[in-house]
Amino acid sequence: MTDPVNGVLLASRTGDVETWTLNRPESRNALDPSLVGALSRQLSCAEDDGVRVVILTGAGAGFCAGADLAYLLECAQSGESPRPHLREICDLTLAMESSPIVFIAALHGFAVAGGLEIALACDLVIAAASTRIGDGHVKNNLVAGGGASVRMPPKLGAATAAWLALTGELVSAEDLARRTGWLHEVVAPDALLDTAHTMATVLTSRPAGAQDRYKRLIVNEQGATAAALTRELDMFDEHWNGSDVATDLIRFLGRSTSRSISKKERTVA
């Protein structure tokens, strides 16, 4: 099935497993309000329908390149705060962590900024070889607002988290797998979804109740809290209100303040 509103999220089900595909390939699957809303609605439906495992992937060239910078620029130019949108991303990630559903992120191409933050909220992560992964925010004069500062240190380790956060550099999946224990497996691109489905078959063969309780124990150790995410959003606001973020976004997007930005022209972090 497709999202009934706008098709920005595609979902298909086989048994107790759903595959969700971020479907804004023309915008590199940027996280705009419509996509985040579709993910939240689909999660609620999946829980109601007894889905056990969700495989999360992206259409087109990559998984997700982050928040829609053109949307953030519109906020900056109109004087509107992007915090409500970022709060919705945070709420989505908290709901994923607290859900009995097991989430497998299947990354390919790129997983950057908000794309990394969504993947960090998943229980298991696999990646196609040569996938580029990173935080990316500081390169665009931004501070994370979807949980990167909270989840990267426990999941990637302090040193790797600090490097990715403070430089905005991207690393290959192979490099990240060597540095951390976060990636379950790095596979050939054409084996990515088959690997994810094989993992899902194993997961759904285990007792749901025990699996749910064990997931909660793991999340209590490595997951985020609403208070920690709020502190990150407060820091985002402090930087957003005290810096000329719009100028840097315009420079990155290659646009002038007098020119509107169409959806097809949008580029993301």
Side-chain angles (χ1 to χ4, degrees), residues 30-32 35-36 39-40 56 63-69 71-72 75-76 81-98 103 105 107 110-125 127 131-171 173 175-177 179-183 218-245 248-249 252 268-269:
L31 296 173
D32 72 342
L35 179 52
V36 176
L39 285 163
S40 297
L56 186 59
F63 177 69
C64 175
D68 191 320
L69 293 188
Y71 172 77
L72 296 186
C75 289
S81 171
R83 181 169 180 141
H85 172 52
L86 298 177
R87 181 77 259 179
E88 289 180 355
I89 295 174
C90 290
D91 290 346
L92 170 64
T93 61
L94 287 171
M96 290 167 62
E97 288 184 330
S98 65
F103 285 87
L107 311 181
F110 43 79
V112 185
L116 172 62
E117 289 171 319
I118 294 293
L120 285 166
C122 291
D123 303 291
L124 295 160
V125 185
T131 301
R132 304 291 289 173
I133 300 170
D135 182 87
H137 288 97
V138 297
K139 283 190 173 182
N140 294 309
N141 192 22
L142 291 169
V143 173
S149 72
V150 179
R151 293 187 177 94
M152 281 201 299
K155 294 202 170 187
L156 306 184
T160 298
W163 178 257
L164 295 181
L166 301 180
T167 67
E169 291 294 316
L170 307 185
V171 298
D175 188 14
L176 197 59
R179 295 187 192 188
T180 76
W182 179 58
L183 288 175
I218 294 170
V219 168
N220 284 341
E221 293 297 320
Q222 294 191 330
T225 65
L229 293 177
T230 296
R231 288 193 294 272
E232 184 181 89
L233 286 172
D234 288 342
M235 190 63 72
F236 176 93
D237 275 348
E238 179 182 316
H239 181 70
W240 180 269
N241 294 325
S243 303
D244 187 7
V245 175
D248 290 280
L249 292 177
F252 180 79
V268 294

Residue pairs fulfilling side-chain hydrogen bond (donor to acceptor under 3.5 Å, both in side chains) with at least one residue in residues 141-159, sequence neighbours excluded |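 For residues 141-159: Thr93-Arg151, Glu97-Arg151, Asn141-His239, Asn141-Asp248, Ser149-Glu232.
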With sequence neighbours left out, write down each residue that passes salt bridge (charged side-chain N to carboxylate O under 4.0 Å, His left out) with Glu169, or none if nothing qualifies.
-> Lys139
Set of residues satisfying salt bridge (charged side-chain N to carboxylate O under 4.0 Å, His left out) with respect to Arg231, sequence neighbours excluded |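 Salt bridge (charged side-chain N to carboxylate O under 4.0 Å, His left out) check on Arg231 returns nothing, list empty.
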Sub-4.5 Å side-chain heavy-atom contact between [X] and [Y]:
X      : Y      : answer
Arg87  : Leu229 : yes
Ile118 : Leu92  : yes
Phe110 : Leu170 : no
Thr160 : Val171 : no
Tyr71  : Leu31  : no

Atom pair [atom1] ([X]) and [atom2] ([Y]), whose distance is rounded to the nearest 0.5 Å:
X      : Y      : atom1 : atom2 : value
Leu69  : Asp32  : CG    : CG    : 12.0 Å
Met152 : Asp135 : CE    : CG    : 4.0 Å
Thr225 : Asn220 : OG1   : CG    : 11.0 Å
Leu116 : Phe63  : CG    : CZ    : 9.5 Å
Asp237 : Ser81  : CG    : OG    : 5.0 Å
Thr131 : Asp175 : OG1   : CG    : 13.0 Å

Apply side-chain contact (heavy atoms from CB on, under 4.5 Å) to the pair Leu39 and Leu56, showing each step before the final yes or no.
-> CA-CA 10 Å; Leu39 285 163; Leu56 186 59; 4.2 Å; yes
Would Leu120 and Trp182 count as a side-chain contact (heavy atoms from CB on, under 4.5 Å) if you check the C-alpha gap in whole Å, the side-chain angles of each, and the deciding distance to 0.1 Å?
-> CA-CA 9 Å; Leu120 285 166; Trp182 179 58; 3.8 Å; yes
Indicate the atoms forming the closest heavy-atom contact of [X] with [Y], along with that distance.
X      : Y      : answer
Ala67  : Leu72  : CB-CD1, 4.4 Å
Cys90  : Gly146 : SG-CA, 4.0 Å
Leu107 : Ala119 : CD2-CB, 4.0 Å
Cys122 : Met96  : SG-CE, 3.6 Å
Ala144 : Glu117 : CB-OE2, 3.6 Å
Leu183 : Ala127 : CD2-CB, 4.2 Å

Which residues share a side chain to side chain donor-acceptor pair (under 3.5 Å) with Asp244, sequence neighbours left out |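 Asp244: side chain to side chain donor-acceptor pair (under 3.5 Å) contacts with Thr247.
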For Thr180, which residues count as a side chain to side chain donor-acceptor pair (under 3.5 Å) partner, sequence neighbours excluded?
-> none
Contacts of Asp234 meeting side chain to side chain contact (heavy atoms under 4.5 Å, CB included) (sequence neighbours excluded), chain-then-number -> Arg83, Thr230
State which residues pass side chain to side chain contact (heavy atoms under 4.5 Å, CB included) with Ala95; sequence neighbours excluded, sorted by chain then number.
->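 With sequence neighbours excluded, Ala95 shows a side chain to side chain contact (heavy atoms under 4.5 Å, CB included) to Leu43, given in chain and number order.
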For Asn140 and Leu142, indicate whether the former's side chain and the latter's backbone hold a donor-acceptor pair under 3.5 Å.
-> no
Contacts of type ring-ring contact (aromatic ring centres under 6.0 Å, His included), residue Trp163, not counting sequence neighbours |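 Expected list: none.
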